[in-house]
Structures are given as C-alpha cells and as structure tokens.
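Structure, as structure tokens:
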Protein chains: 2
Amino acid sequence: MKRRPTIIDVALQAGVSKTTVSRVIGSEADLVREETRNRVLDAIETLGYQHNAVARSLRTDRTNIIMLAIPDITNPFWPGVARGVQDVMDSEGYAVVFANSDWNGPREALFLQMAARNRFDGILINPIQISNDTLKSTGIPTVILSSSEEYPDFDCVGSDSYGGTRLALEHLFAQGHRRIGLISGQRQQRSGHSRRSSYTDFLNSHSLPEDKRLIVDTPFDQAGGFNAMQQLLDLPEPPTAVCAANDILAIGALRAALESGLKIPRLLSIVGMDDIFASSTTTPPLTTVVKSKNRIGQLAAHFLIDRIRGLDHLQPRHHLIPCILQLRGSTAPLNI
Amino acid sequence: MKRRPTIIDVALQAGVSKTTVSRVIGSEADLVREETRNRVLDAIETLGYQHNAVARSLRTDRTNIIMLAIPDITNPFWPGVARGVQDVMDSEGYAVVFANSDWNGPREALFLQMAARNRFDGILINPIQISNDTLKSTGIPTVILSSSEEYPDFDCVGSDSYGGTRLALEHLFAQGHRRIGLISGQRQQRSGHSRRSSYTDFLNSHSLPEDKRLIVDTPFDQAGGFNAMQQLLDLPEPPTAVCAANDILAIGALRAALESGLKIPRLLSIVGMDDIFASSTTTPPLTTVVKSKNRIGQLAAHFLIDRIRGLDHLQPRHHLIPCILQLRGSTAPLNI
DNA sequence: TTGTAAGCGTTATCAT
DNA sequence: ATGATAACGCTTACAA
C-alpha cells in the first residue's frame, strides 16, 4: 500500500504551489483563477487525492466531529434521538461519534476525556453521573439531552415528561378512573421526579387522596414492571388504572396483569411512555405518551451548533419538547 | 476561554524538554527516571494538560478511531451488534464512529469518504450499495458485516441465515407442517438469497413440492408482512405455517392472521428471525431464529483489529455465526 | 537518562 | 492571482 498523495503531490502535478491547492480544496476556491483551479482539480482527480482532515484540524483547531454520549444504545429511545441529531449534523458537515456508557459512570468520564483529547467540536450528552462543573471544565461546547435542572450552565433539551404524565393522568381521569397507580423507575431520579410531581399535582388539582401504596419505584426493565404490577394487584384495593414511567415497564405490567387473568383494558387501564416499537405490537397495543425523539435530537443539535459558532453570550436555554398522547387499546372507560 | 496547555507548557513547568514529556504521556514512560516522571506528572496535573490526539495522529498516522457504517440505526439489530463492537474496541482503545446511511447509497459513499479523509484506522460496514473495489480503494482496513459473497477481498462476519432458516423450517416440519410459506424481504437480495435457497433445499431434502405461490417477496416492514400474510391466506390452499425473513415481517404477518380471525398457533404457525425485543411481547410471543448480535460485533471487531495490526497476509476470512431457534408461542404441532 | 531537531500535511500571513 | 514560509502540537531518530 503506497503513500497517500498530499497537497504537495497535487501541487507538483498541477504545476502550482501548495497554497493554491489549499485554496482550491478549502473555502477560498473563488480566489483562484478558473483555469488554474481546473488544473488543480484535474491533478486531484488523477492522483486520487483525499484531503487530510487530521492535518487540517491541527492547523484550524476544528475537527468537525461532535460526540453524542448516551447511557444505553439498545434503548430504542436513543437511536431515535440520534437520527434527529444526525439529520442536522450531517447537513452542517459534522460527523457524530456515539459514546455508549452502558450506565457506567467511569466510562462516561472516559468518553468525555476522549472528546477533549480528540478536540471534538461539541458534545451532546445525556449525563448519568457527571456534574455540571466537570462538564464545564472540558472547555468544549456542550448541550444536555435531558430535562434535568442540574446543569444550569448549559443548554438543555428534553421532553416535557411532567406535561406528558399529566396528559396520561388526565386521560385516565376523563375515563372515570380515580384510583390510579404510578410505576416509576428508580434509576434516573431526575425524570422520575417530574413524573412524580406531576402525579402529585394531578391528585391535588382533582382533590384526590394520595395513597403511598399506589406509587411503586422499581428497576427500569420489564421484570421491574412485572413485579410492580403484581405488588399493585396485591393491594387490598388495587388501582383501576396504572401509569408507567416508560413502555418497557408498562409492557412488564401488562404481562403481569394478563397473567393474573385480568382483562385489559376492561378491568385495568395501562399507559406507557416513549412509544417504542414493541408498544404498538402488544395485545392490546399500548396507549402511550409519545416523546418526539427526532425533534429532541434536532433541536439539541441546533443548540449545539449555535454554541460552537460562538454564541457564548446567550443565556443557557432550556427547552422541553411537548409530549403527545398516543391512544391505543390498553385504556378504556372505568368499568363500574 | 484561554489556550489549552501544550506539551511545551508542561515541559517548561517541569523543567524538562518536550521530548521527556512526550515520553511520559506516551508508550515510553519507563524510559524516564521516576523522579523526572513524577515532576512531569505533577506539571500535567497542575496545568490540567490533556494531550492533543489530533497532533499525535498527524505524526503517527493513526487515529484510534474506527467507523461502523450501518444502514439503519433504528433497526434494533444494529445497536446489538454495535454493542459487541464497542465492547472490543473500547478495550483496545479505539473510539467508534457511527455512520447511519438510512439506506441511502450516496450517503454511504459520503461516509466512506469521511473515513478516508479523517484517516480512520478501520471500517466495519454492512454495505448497501458500495462495491468490493470501491471499498478496496479507500486503502483502509475494512471488515464486512454481512454474510454476502460479494466482497471477496475482505473479512466477512455474518450470521448463518441459511442454517437459521433451515432450523426454523425443520422445526415446522417436525411439528407436522408440510405446506409452509416463506415471506422474504426484497431489499437485501443477498441475505434474501440464502434464506430462499435454504427454503428450496429444505423442500428438496424432504421431497416436498415447490409451490411458487407460497413465496412472497415484500418490503421489509410491518405493512409488508401484513400484506404478504393476507396474500398467503387468500390462496385456495393457504399454508399451515409461515416463515418470515425477520421479526418485523413476522409481526406484521401475525397481526394479519389474528385480524382475519385465525387462532395462532392452533391454526397457523409463524416463525420470525432476529429476536428483536418486540417479538417477545406479542401475543402469542413469537418463535424466532436468534442471531447473536453481540458475537457478530465482537468477532468483526477482532477481525478488524487483526487487519489494522497489519495481518495483511491472511486470506480473507468468512465467518458465519450460527443461529439458535428460540421457541415461543407462535408455533405448534399441525392441527389435523 | 535526557535533549535537539526534523517532520507529519495542512492553513494563514505576508509578500509579490 | 499566486507563492514562500511559518506555525499547529506532537513523535522519533539521533546525539549527548
């Protein structure tokens, strides 16, 4: 495998200086006479020259690479967001590096170090452990993918899970449900909180009593949902409807309910959140709160590009994308 | 935001030459006296020095970044593979850039160009359009993620869909089924072929007649599976079992069958392929052929690392990871 | 054990 | 409109 041609080879071949070649391949192409430019382009063609982004980055101090750091790539929510991010970043000429921490804090820190060492131009992150200050110390423009309030120095883009939860609860209320359970995941305290407070506020606004036993914290997986549901069904007065913090929990809950012989939605309504693919293929299909993954990704990407372009004077912006309720077969009017 | 410290700042601070600093942060740390090393490390600490990977790459011609190019990140198969890839690459010190072509040929080409320009150390790709020769012309070590035979110059890692299909068909045969439909996607001719030929070979080996009407080519989505199933059910003599090229098709087929009032699996058996999350949450849950996404990713990563390390003399290796049949509720003995 | 200096492939600053 | 030349921050012979 022979050496790759450089800008110098091209210059020699075209009979010009390397400066001229640099002009042609860079952003100053119009400063060079058309005839010369064509000679250069021909040389590039015949040599099969590909410009060296590494060398360019060293000189310009810009890599055109951004990092997207997420905790779990197998959670279908993130690929959805990632696609939105890529839509924008592609068209702006940025490559997107995925960093998948698998919920591992030290790994998350490692990835940030990698971003810093490689002089990536920006970071999009759904933080699991890293603090506002550590993030600031990287010196890299960063946007938070979360509705958390813990990162006051950064732009944040998240989904309005408070509003989304409210949407779900009001729907159940309108169907006549008054005893509504909440299955909330325990790992992410932050989004957990907004759902939790939405639940409390909902109860208050309708003057419903708060029964602690109706709130179950559980690990964020199907088994967690399953167990939580069993726990709720074992109550002396089980709920007539259940709201789960995400679809996977909801699907676990659905399965537990079905296995215990309950007819869904006749005897129990269930609402999930996220609208993952599987929630449309259960029997009955799951009513769920939809977050617009694509829009989250796109907006976050735009925010990040603003920051990269040096809009540092802007106050940190927080934006929550509203949720939509996707009605399907797992909810129905209260059966009296 | 002030300038990042360089190796020179560290050298000054520690009272040594930049060579020494380079030795300490690089792979020659043991060549330097412990006391000196500690002085350097202290300087690094107090200055908050982060080494510049861009400059290092320019000098060493290695970026420690590889690209994973796939057609569709929202297809849960790929995140699974990606995780296997990352497991290996992380531990070898490589960062993984995702490139998601969205089944768009020109975009795929663009990504390869990006890999070349950025001097990535390697490429893992599930090719959708690009040819063996174009791939070779990048000059970058590359491993193909596919069981295709169209890339004779590269290592290939795929899953044995021929064997997997056979597994599914033999299972149905053992259950007494003799009239078995095949729903095969049309987009990827390659894997389509292996399933198709497996089907034909299966029929021959059991001396079953081949009925063209039992084979339906359809787009690779749920609607495709739905329509294909309807088409099969409209046959004068519908199949008693159906084998689909992937779970999404199978789920579409399942839904079509249920909607037309068929009891599954009593009146119709369905087998999918891939074991996506949703296939475990349908009613009944789907019997499916499992590909070991993780092992595919890991093996491909190892192959790629071999190539990067310069094992060019090796013949191109093709490896098919065997599939496993995951029995669930969508298949049952033929009901006579 | 440590230092000097050349060079990686660009872009940017001056000249011409 | 084009060219000469100095950076960019690092690694690596080679020297001391």
Side-chain angles (χ1 to χ4, degrees), chain A residues 1-41 43-44 47-65 93 116-121 139, chain B residues 2-41 43-44 47-65 93 114 116-121 139:
Chain A
M1 191 156 52
K2 59 177 183 302
R3 199 177 54 83
R4 285 174 199 263
T6 77
I7 198 178
I8 299 189
D9 300 315
V10 176
L12 252 46
Q13 167 89 10
V16 298
S17 77
K18 57 180 186 158
T19 307
T20 302
V21 178
S22 174
R23 290 208 175 93
V24 171
I25 62 178
S27 46
E28 293 171 316
D30 36 352
L31 292 187
V32 34
R33 192 156 32 110
E34 178 160 1
E35 190 232 306
T36 325
R37 182 171 46 224
N38 287 335
R39 269 216 319 281
V40 171
L41 290 175
I44 289 178
L47 292 177
Y49 168 77
Q50 292 269 38
H51 82 244
N52 186 331
V54 176
R56 172 179 288 181
S57 294
L58 178 58
R59 193 56 237 253
T60 62
D61 211 28
R62 303 182 49 244
T63 52
N64 290 309
I65 300 181
R117 286 194 200 312
N118 282 91
R119 303 297 193 263
F120 290 161
D121 291 344
Chain B
K2 58 179 185 298
R3 199 175 55 82
R4 289 189 142 103
T6 76
I7 197 180
I8 299 190
D9 300 316
V10 177
L12 250 48
Q13 166 89 12
V16 298
S17 76
K18 57 179 187 157
T19 306
T20 303
V21 178
S22 173
R23 292 211 173 91
V24 171
I25 61 178
S27 45
E28 293 171 313
D30 37 350
L31 293 187
V32 35
R33 190 156 33 109
E34 176 159 3
E35 189 231 308
T36 324
R37 181 171 47 224
N38 287 334
R39 269 218 318 282
V40 172
L41 290 174
I44 288 178
L47 292 178
Y49 169 77
Q50 292 268 39
H51 81 244
N52 186 330
V54 176
R56 173 179 287 181
S57 294
L58 178 58
R59 192 55 237 255
T60 61
D61 211 28
R62 301 182 51 246
T63 53
N64 290 310
I65 300 181
M114 178 178 122
R117 287 192 198 313
N118 282 91
R119 304 296 193 262
F120 290 160
D121 290 345

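In what follows, chains are A, B, ... by sequence order, proteins preceding strands, each numbered from 1.
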### Summary
Taking D:dT2, D:dG3, D:dC10 as options, the one with an atom nearest any side-chain atom of A:V32 is D:dT2
#### Entry: Candidates D:dT2, D:dC10, C:dG9 - which lies nearest the side chain of A:R33
D:dT2
### Query
Does B:E34 or A:T6 map to a spot on DNA chain C nearer the 5' end, using the closest nucleotide for each?
B:E34
If we only count heavy atoms from C-beta on, is the [X] to [Y] side-chain gap below 4.5 Å?
| X | Y | answer |
| --- | --- | --- |
| A:I65 | B:N118 | yes |
| B:N52 | B:R4 | no |
| A:V24 | A:V16 | no |

When the distance from [atom1] of [X] to [atom2] of [N] is rounded to whole Å, what number comes out?
| X | N | atom1 | atom2 | result |
| --- | --- | --- | --- | --- |
| B:N52 | D:dG9 | CG | C1' | 6 Å |
| B:D9 | D:dG9 | CG | P | 9 Å |
| A:R4 | C:dG9 | CZ | P | 11 Å |
| B:R119 | C:dT10 | CZ | P | 7 Å |
| B:R39 | C:dT2 | CZ | P | 8 Å |
| B:L31 | D:dT11 | CG | P | 14 Å |
| B:N118 | C:dG9 | CG | P | 15 Å |
| B:I8 | C:dA5 | CD1 | P | 13 Å |

### Query
B:L41 and B:R37: side chain to side chain contact (heavy atoms under 4.5 Å, CB included), yes or no, with the steps?
CA-CA 6 Å; B:L41 290 174; B:R37 181 171 47 224; 3.9 Å; yes
### Message
Categorize B:V16 for me: base, sugar-phosphate, or nothing, with a 4.0 angstrom heavy-atom threshold over every strand shown.
### Response
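Sugar-phosphate, no base atom in range.
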### Message
What's A:T36 touching, base or sugar-phosphate or nothing? Going by heavy atoms closer than 4.0 Å.
### Response
sugar-phosphate
### Task
State whether B:T20 places a side-chain N or O below 4.0 Å from either non-bridging phosphate oxygen (OP1 or OP2) of C:dG3.
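True: B:T20 side-chain N/O within range (under 4.0 Å) of C:dG3 OP1/OP2.
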### Message
Please determine whether a side-chain nitrogen or oxygen atom of A:S17 lies at a distance below 4.0 Å from atom OP1 or OP2 of D:dG3.
### Response
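Looking at the OP1 and OP2 atoms of D:dG3, one of them is under 4.0 Å from a side-chain N or O of A:S17.
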### Task
Heavy atoms under 4.0 Å is the rule here; annotate nucleotides 11-16 of chain C 5' to 3' with B where the base is hit, S where only the sugar-phosphate is, and - elsewhere.
BB----
### Task
Grab the two heavy atoms, one from A:S17 and one from A:A11, that are nearest each other, plus how far apart they are.
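The answer is C-CB, 3.7 Å.
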#### Entry: Non-hydrogen atoms of A:F120 and A:T63 that approach each other most closely
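For A:F120 versus A:T63, the nearest heavy atoms are CA-OG1, 3.4 Å.
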### Message
For residues 55-65 of chain B, which residue pairs pass the salt bridge (charged side-chain N to carboxylate O under 4.0 Å, His left out) check, not counting sequence neighbours?
### Response
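Listed by first then second residue: nothing to list.
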